[in-house]
**Q** 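First, the structure itself, so that you have it in front of you.
Computation of the quantities below employed the complete heavy-atom set of this structure, encompassing side-chain atoms and omitting hydrogens, waters and symmetry-equivalent molecules. Labels below follow one simple rule: chain letters A, B, ... track the order of the sequence lines, proteins then strands, and each chain is numbered from 1.
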Protein chains: 2
Amino acid sequence: MLSEAVQDYLKAIYKLSRAPETGRMVSTTLIAERMGVSAASATNMIKRLAEMNILEHRPYQGVELTPSGIHMALEIVRHHRLLELYLRQALGYDWDAVDAEADRLEHAISEDFEDRIDEALGFPTVGAHGEPIPTKEGNIAETDYARLSELTAGQRACIRQVSDRDPELLRYLDQHGLVLGTEIRIAEKAPFSGPMRLDVGASGEQHIGLEVAEAIYVDVLE
Amino acid sequence: MLSEAVQDYLKAIYKLSRAPETGRMVSTTLIAERMGVSAASATNMIKRLAEMNILEHRPYQGVELTPSGIHMALEIVRHHRLLELYLRQALGYDWDAVDAEADRLEHAISEDFEDRIDEALGFPTVGAHGEPIPTKEGNIAETDYARLSELTAGQRACIRQVSDRDPELLRYLDQHGLVLGTEIRIAEKAPFSGPMRLDVGASGEQHIGLEVAEAIYVDVLE
DNA sequence: AAATGAATTTAGCCTATGCTAAACATTTAG
DNA sequence: CTAAATGTTTAGCATAGGCTAAATTCATTT
C-alpha cells in the first residue's frame, strides 16, 4: 500500500504532467510548490518515488512518471473523482467544496466502497467538474476540448469541463450560470485573449476576464 | 487536530474503560493488545496522551481518561457510529462489514460531512448495532440492557444491541434472525450460564452458546 | 521477608516525512 | 564568457510512531 504522502505526491505530479503548460517533465520546484513543502523535501520524496519505480528522476532536470506510476496515479484520480461526484450528488455538496472533502476521504476508501458509490452513481464517466473518470482498469478517455479563451467572437460552444483548482472561481462560475452543459456564444472579444463578452444560455449576458475564460473547456458548436 | 494514531488509542481506551469487565482504570497491556502494538509502544503513547491532558497515567497502575479525554473520545465514537449507520443504510453494507470500513473513514471526515450524513439518516440516536450515538455536544444516552446470558428460562426479551467486536459472530446472528428488534423467549437454559434454547420471533427455535448469549443485549419484557 | 514471575517502563534503535542551511549545477545577463 | 541569480541537491537535524532487549516494579507464593 502506498502511504498517503506518496499518493498525494503522485497525484500532484500526475496532474502537473498533464497540464498543457508544463509538459511531461515536471520540475522539483513545481512539485514542492504544489505540495506546499520545501524544495528539499520534494527532492527527498522524489528519490523515494524513483526507488519505487513510480517515476524517473533526471537530477537537475525534473521527473517523469513511469507507465506503472501513471497507472497508480489513475487509480487515485478515479477514487478522487468518484468521491467528488458522490459528495455532490448524494450529499448535496456545492461544486466548490467537493475537492477538499474528497482529498480527505480518498486515502481512506476501500475497493468495496469505490464499487458501491460507482454503482450508486450509475457508473459515471465524467466527474463533478466534467473531468473524465479513469476506468477501474486504468484507462482514461482522451478529451479534446477547446479553452473558452481560445475562441473568437461569434463562435458558439457548450461548457464541458471546468478547472477545479480554485474554489472561489468555481463559486463565481456557478453564480453566473457557467455550469456544465451551458451553451454560450462569444459576443465580443478583446484582442490577445483579453476579456470577453458572452451570451450565456438563458441567463443573459456576461463579461468575463481571461483567467475565467482559461478555466472553462468547451465543445465548439458548428 | 489529533493524529490518527492518537484518535485510535483514545477510542480503544474509551471502549475498554466502558467495558463492564475492566472498569475505568485500563492497563497498558490491555491497550497494547487491543491496538496490536507492543507494550513498550503503548507506554510510549500513553505518556504522550498524558502530556496532552487526555488521560492520567499512574505508572504501573494504569490509565484513566480525563473529562476532556472522554469528551474527545465521544466525538470520535459519534463519527464512527454515524458512519457505520450510513454505510449500512445508504450504501447497503452488511452488518459485519461496517466497522472496518468506518475505521478507515472516520479520521477523514469533516464536521460538514458528519452533519450531512446525520441529516441524511434523520438524526439517528442509535447506531448499526444498537449502540447509542453521542450527541454533537458530547452526551451519550445511558443504556440499561441486560445481557441475554443473564436471563433465565421462560423470560421474554427484545434484542436492543449487539457487540460489534467480531464480524463472524455478527454474520452468525444475522443468519439466525438475531437482529435488532427481534423478540425472543428463553425456552431452556443450562445452569451456570451455559448454552440456551430460544424461541426466536417468527423464525423458530435456536440453540446458542454462551459466547453468543453474552454478545446480545436485551430489554426484558414483563 | 525473600524470591519468583508478570506487568511495566526505560534505553536505544528504525523509518517516514518534514525542515534549514550550505553546496552544487544551470541559466541568464552583462 | 564570466558572474550573478535561480533552481536543485546534500547534509544534518526534528518529530511521530513503531520495535526489541534490558531494567524495574508489583504481586504472589513460599
Side-chain angles (χ1 to χ4, degrees), chain A residues 1-13 16-17 19 21-65 69 72-73 76 103-104 106-108, chain B residues 1-13 16-17 19 21-65 69 72-73 76 103-104 106-108:
Chain A
M1 230 332 78
L2 303 181
S3 75
E4 283 195 22
V6 167
Q7 288 187 47
D8 286 340
Y9 274 92
L10 179 47
K11 188 174 65 161
I13 294 167
L16 288 170
S17 74
E21 296 80 10
T22 43
R24 301 292 108 121
M25 210 81 188
V26 184
S27 78
T28 302
T29 313
L30 213 47
I31 295 168
E33 262 173 26
R34 192 58 67 93
M35 292 297 299
V37 300
S38 72
S41 300
T43 300
N44 194 325
M45 179 59 92
I46 283 165
K47 291 208 289 196
R48 226 123 29 79
L49 295 173
E51 207 45 53
M52 295 185 244
N53 271 306
I54 285 172
L55 47 74
E56 274 184 71
H57 183 206
R58 309 261 184 70
Y60 294 98
Q61 302 290 125
V63 127
E64 186 171 3
L65 291 177
M72 293 182 216
I76 296 168
D103 272 341
R104 275 191 285 271
E106 66 188 355
H107 304 296
Chain B
M1 234 328 82
L2 303 180
S3 75
E4 283 194 23
V6 167
Q7 288 187 46
D8 286 340
Y9 273 92
L10 179 48
K11 188 174 64 161
I13 293 167
L16 287 170
S17 74
E21 295 80 11
T22 44
R24 303 289 109 121
M25 210 80 188
V26 184
S27 77
T28 302
T29 314
L30 214 48
I31 296 168
E33 262 171 26
R34 193 58 68 93
M35 292 298 299
V37 300
S38 71
S41 299
T43 299
N44 195 323
M45 180 59 92
I46 283 167
K47 293 208 288 195
R48 222 119 32 79
L49 296 173
E51 209 41 56
M52 294 185 244
N53 272 306
I54 285 172
L55 48 75
E56 274 185 72
H57 182 205
R58 309 261 184 69
Y60 295 99
Q61 303 288 125
V63 127
E64 186 172 1
L65 292 177
M72 293 182 215
I76 295 168
D103 272 342
R104 275 192 285 270
E106 66 188 356
H107 304 296

**Q** To the nearest Å, how far apart are I54(A) CD1 and dA16(C) P?
**A**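 Computing the I54(A):CD1 to dA16(C):P distance gives 13 Å.
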**Q** Please report the distance, rounded to the nearest Å, between CG in D8(A) and C1' in dT17(C).
**A**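 Checked: the CG to C1' distance equals 12 Å.
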**Q** Donor-acceptor check, side chain of Q7(B) to backbone of L2(B), threshold 3.5 angstrom: yes or no?
**A**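 A pair under 3.5 Å: yes.
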**Q** Please report the distance, rounded to the nearest Å, between CD1 in I31(B) and P in dG17(D).
**A**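 In whole Å, dG17(D) P lies 15 Å from I31(B) CD1.
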**Q** Reckon T28(A) has a side-chain N or O less than 4.0 Å from the OP1 or OP2 of dG7(D)?
**A**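 Indeed not, no polar side-chain atom of T28(A) lies that close.
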**Q** Return the nearest nucleotide to the side chain of R48(B); candidates are dG17(D), dT9(D), dT25(D).
**A**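 Comparing dG17(D), dT9(D), dT25(D) against the side chain of R48(B), the answer is dG17(D).
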**Q** Using whole Å, report how far CD of E51(A) lies from P of dA16(C).
**A**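 Result: 11 Å.
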**Q** Considering heavy-atom distances to DNA chain C, does Y60(A) or V6(A) have its closest nucleotide positioned more toward the 5' end?
**A**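 Result: V6(A).
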**Q** Whether T43(A) contacts dT10(D) is assessed here as follows: a side-chain N or O lying under 4.0 Å from the phosphate OP1 or OP2. Is that the case?
**A**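 No, T43(A) has no side-chain N/O under 4.0 Å of OP1/OP2 on dT10(D).
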**Q** Mapping P59(A) and M45(A) to their closest nucleotides on DNA chain C, which lands nearer the 5' end?
**A**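 So the residue in question is M45(A).
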**Q** Need one value for A40(B): base, sugar-phosphate or nothing, where a base atom within 4.0 Å counts as base even if backbone is also close, heavy atoms only.
**A**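 Touches a base.
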**Q** Which part of the nucleic acid, if any, lies within contact of A39(B), taking any heavy atom under 4.0 Å across all strands shown: a base, the sugar-phosphate backbone alone, or nothing?
**A**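 If one applies the 4.0 Å heavy-atom cut-off, A39(B) turns out to touch a base.
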**Q** OP1, OP2 of dT17(C) versus side-chain N and O of S3(A): anything below 4.0 Å?
**A**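 Yes.
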**Q** For Y9(B) and dG18(D), is the shortest distance between a side-chain N/O and OP1 or OP2 below 4.0 Å?
**A**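 True: Y9(B) side-chain N/O within range (under 4.0 Å) of dG18(D) OP1/OP2.
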**Q** Between C1' on dT9(D) and CZ on R58(A), what's the gap in Å once rounded to a whole number?
**A**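 From R58(A) CZ to dT9(D) C1': 17 Å.
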**Q** Side chains of L65(A) and M72(A): closer than 4.5 Å at any heavy-atom pair?
**A**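 No, too far: nothing below the 4.5 Å cut-off.
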**Q** Nearest-Å distance, NZ (K47(B)) to C1' (dA11(C))?
**A**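 Going from K47(B) (NZ) to dA11(C) (C1'), I get 10 Å.
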**Q** dG17(D) phosphate, OP1 or OP2: any side-chain N/O from S41(B) under 4.0 angstrom?
**A**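 Checking S41(B) against dG17(D): no side-chain N or O falls below 4.0 Å of OP1 or OP2.
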**Q** Starting the side chain at C-beta, find the nucleotide from dT20(D), dG18(C), dC19(C) nearest to S38(A).
**A**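 So the side chain of S38(A) is nearest to dC19(C).
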**Q** Given side chains that start at C-beta, do those of V63(B) and T28(B) come closer than 4.5 Å, heavy atoms only?
**A**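 No - every pair of side-chain heavy atoms lies 4.5 Å or more apart.
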**Q** Within this structure, what is the CG-to-P distance between N44(A) and dA14(D), rounded to whole angstrom?
**A**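 Roughly 16 Å, once rounded to whole Å.
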**Q** Minimum heavy-atom separation for A32(A) to A42(A), with atom names?
**A**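 Shortest heavy-atom separation between A32(A) and A42(A) comes out as CB-CB, 3.8 Å.
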**Q** For M25(B) and dA7(C), what is the distance between atoms CE and P respectively, to the nearest whole Å?
**A**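 In whole Å, dA7(C) P and M25(B) CE are 17 Å from each other.
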**Q** Any side-chain heavy atom of H57(B) within less than 4.5 Å of one from L49(B)?
**A**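 Not touching, per the 4.5 Å side-chain cut-off.
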